[in-house]
Engineer: 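Take a look at this one; I'll ask things after.
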Amino acid sequence: MTDLTTTDSTTGPITAATVPAPRTTAVLDDAHVGDIRGALGTIKLDDTAPRRGLSAKLKTLLAIVGPGLIVMVGDNDAGAFGTYTQAGQNYGTSLLWTLVLLIPVLYVNQEMVLRLGAVTGVGHARLILERFGRFWGAFSVIDLFLLNALTLVTEFIGITLAVGYLGLPKVPSVLLAAVIVVAAASTGSFRRFERTAILLCAGSLLLVPVYFIVHPATGRMAHDLVVPNMPQHARLSDVMLLIIAIVGTTVAPWQLFFQQSYVIDKRITPRFMRYEKADLWLGIGIVIIGAAAMMGFCAAAFAGHAEFGDFTDAGDVAAGLERYAGKTAGVLFAVALLDASIIGASAVSLSTAYAIGDVMGLKHSLHRGVKGAKGFYAVFAGLILTAAVIVVIPGSPLGLLTEGVQTLAGVLLPSASVFLLLLCNDKAVLGPWVNGRAMNVFTSLVVAVLVTLSIILTAAVLFPDITSGAILDIMGVCGVAGILALGYAETRRRRKGWALGGPVDRTGKENWRMPPLHELPRPLISTGRKVGLTALRVYLLAAMALVVVRVVQLALGH
């Protein structure tokens with residue numbers, strides 16, 4: 001454990017005359033102010049020293065590491081294990097390139113919520129409520145609650161598959177895992193939880209020895225990582241749905257809510273932004289390594305065998321690895337699956353508890369014990385235990401729940417990205433930390449792609465026999481609609497004489513924090529934005545209703 005308490009400065013000793021008066025900020029909970037007590041180090045609240053030299057910078061990084069690492073590794077959860085192993089078993093390494101394309105998407109999305117958390121001190125759901133009104137505030141929390149509740153079920157499905165392969169009893173193992181998850185977060189010690197979470201993150205590296213045991217062809221892996229291609233002799237519709245699943249399992253809505261609140265809970269301020277970005281890159285690196293390893297060793301292990309192209313679930317993957325690569329490979333994969341399911345369950349349930357606490361004004365911090373934040377821990381524990389009970393009930397439609405989670409995540413993701421982009425352009429919220437022009441252009445393209453994928457996924461759920469031609473038509477229509485919308489926006493800008501927006505003044509940004517919410521000016525919502533948000537609202541409500549109807553039909557056997 002490191003303790004950074006020096007107070008030297010590049011401009012000389014700090015005195016009352018050189019320190020600006022403290023500025024009132026919007027941090028909503030006094031538990032979110034104080035020393036940074038990370039798993040691997042401590043930074044005192046009054047530590048204002050510059051980090052000179054490699055040793056000081058490394059100590060600071062160790063203290064900051066956590067939010068980016070946990071949110072990224074937590075996303076390599078049970079659903080991700082199923083998706084990546086399916087891609088490898090059914091299509092070899094031909095879809096590895098999708099992971100490379102996702103790297104900038106992952107970074108941009110999570111960097112924006114990192115910025116929002118460090119600068120505002122207010123959670124994602126609360127910002128949406130305050131800046132976009134009650135409907136969107138309620139919608140963001142309700143859809144997150146429902147989606148996360150279903151996602152938690154898939155995490156415990158992953159636990160049952162892992163313990164089933166390892167020969168452990170299902171019901172006691174699932175309930176024990178639930179108790180461990182709840183207990184780890186309920187001690188009132190942020191540091192204790194983070195140490196447990198980082199230990200679980202290290203457990204995800206068990207996939208690396210599996211990769212070397214199976215030993216896929218390195219040249220082929222390298223080629224397919226950088227050269228996009230589609231699997232041969234496969235239906236475009238099937239491949240597109242799997243690509244959408246890869247996107248949905250890698251860029252999930254809960255990540256936005258979790259990281260923003262966790263950054264706040266860890267008491268990270270804009271001063272440590274560079275270190276938190278390094279933490280994020282560390283998490284992204286581990287996620288991509290794990291995903292590529294799963295695709296690679298499944299492709300190599302099942303190639304030429306009857307199971308190739310016939311994926312069922314991650315439990316059968318473990319059995320297949322044992323059959324073709326040895327017992328050690330199967331056991332390591334099953335333990336990694338168990339580890340991933342537990343950390344995924346922790347992160348997903350915490351994102352919900354943070355969001356509900358933020359919007360409802362409940363005390364919500366891992367720095368508080370159960371007595372000091374009863375509502376926060378009640379939501380957290382209730383979600384975990386409910387998901388565990390559902391999984392152990394005989395006859396539960398687990399496969400249907402998994403399909404529903406993947407579909408709803410794909411449908412809801414565009415709305416999360418839209419609000420993230422709007423918030424990061426709100427100068428009252430981020431001041432000198434608002435997005436630059438390049439970031440806005442890239443993020444707008446990402447949102448457009450996510451909307452297109454969401455529409456394709458919704459259509460595929462409603463029409464399971466959708467053809468490749470229909471998918472291409474949807475992509476074409478969405479492309480034309482995007483061009484028309486861009487043209488309309490540019491025409492309106494020129495007609496009104498609006499500027500494109502010059503360079504943002506970033507002066508003094510390291511000390512800038514958002515003022516209290518009641519001091520913010522009311523946001524000005526243009527007619528175009530109102531139309532866009534209304535269209536998004538109609539699409540989301542209609543798509544969710546149609547998906548629910550389809551899932552009910554499947555449950556009834558129609």
Engineer: Can E194 and K266 be counted as an ion pair, charged N to O under 4.0 angstrom?
Structural biologist: yes

Engineer: Assess the side chains of D29 and S365: does a donor N or O sit below 3.5 Å from an acceptor N or O?
Structural biologist: no

Engineer: For the ring pair F333 and Y165, is the centre-to-centre distance below 6.0 Å?
Structural biologist: no

Engineer: Give a yes or no on whether the backbone of G38 and the side-chain of R191 come within a donor-acceptor separation of less than 3.5 Å.
Structural biologist: yes

Engineer: Using only atom types and a distance under 3.5 Å, with no angle test, would you say the side chain of R195 pairs donor to acceptor with the backbone of A39?
Structural biologist: yes

Engineer: Could you tell me whether R37 and D35 make a salt bridge, using a distance below 4.0 angstrom between a side-chain N and a carboxylate O?
Structural biologist: yes

Engineer: Using ring centroids (six-membered ring only for Trp), state whether F190 and Y262 fall under 6.0 Å.
Structural biologist: yes

Engineer: Can you check whether V359's main-chain N or O pairs, donor with acceptor, with R126's side chain at less than 3.5 Å?
Structural biologist: no

Engineer: Checking the side chain of T443 only, and the main-chain atoms of N440 only, is there a donor and an acceptor separated by less than 3.5 Å?
Structural biologist: no

Engineer: Given 3.5 Å as the limit, does a donor-acceptor pair link the side chain of T196 with the main chain of R192, or not?
Structural biologist: yes

Engineer: Hydrogens and angles aside, do D265 and Y354 bring a side-chain donor and acceptor to less than 3.5 Å of each other?
Structural biologist: yes

Engineer: Please give me the minimum heavy-atom distance between L423 and R131, naming the atom from each residue.
Structural biologist: CD2-CG, 4.0 Å

Engineer: Could you tell me whether a side-chain N or O of S261 sits under 3.5 Å from a main-chain N or O of F258, the two making a donor and an acceptor?
Structural biologist: no

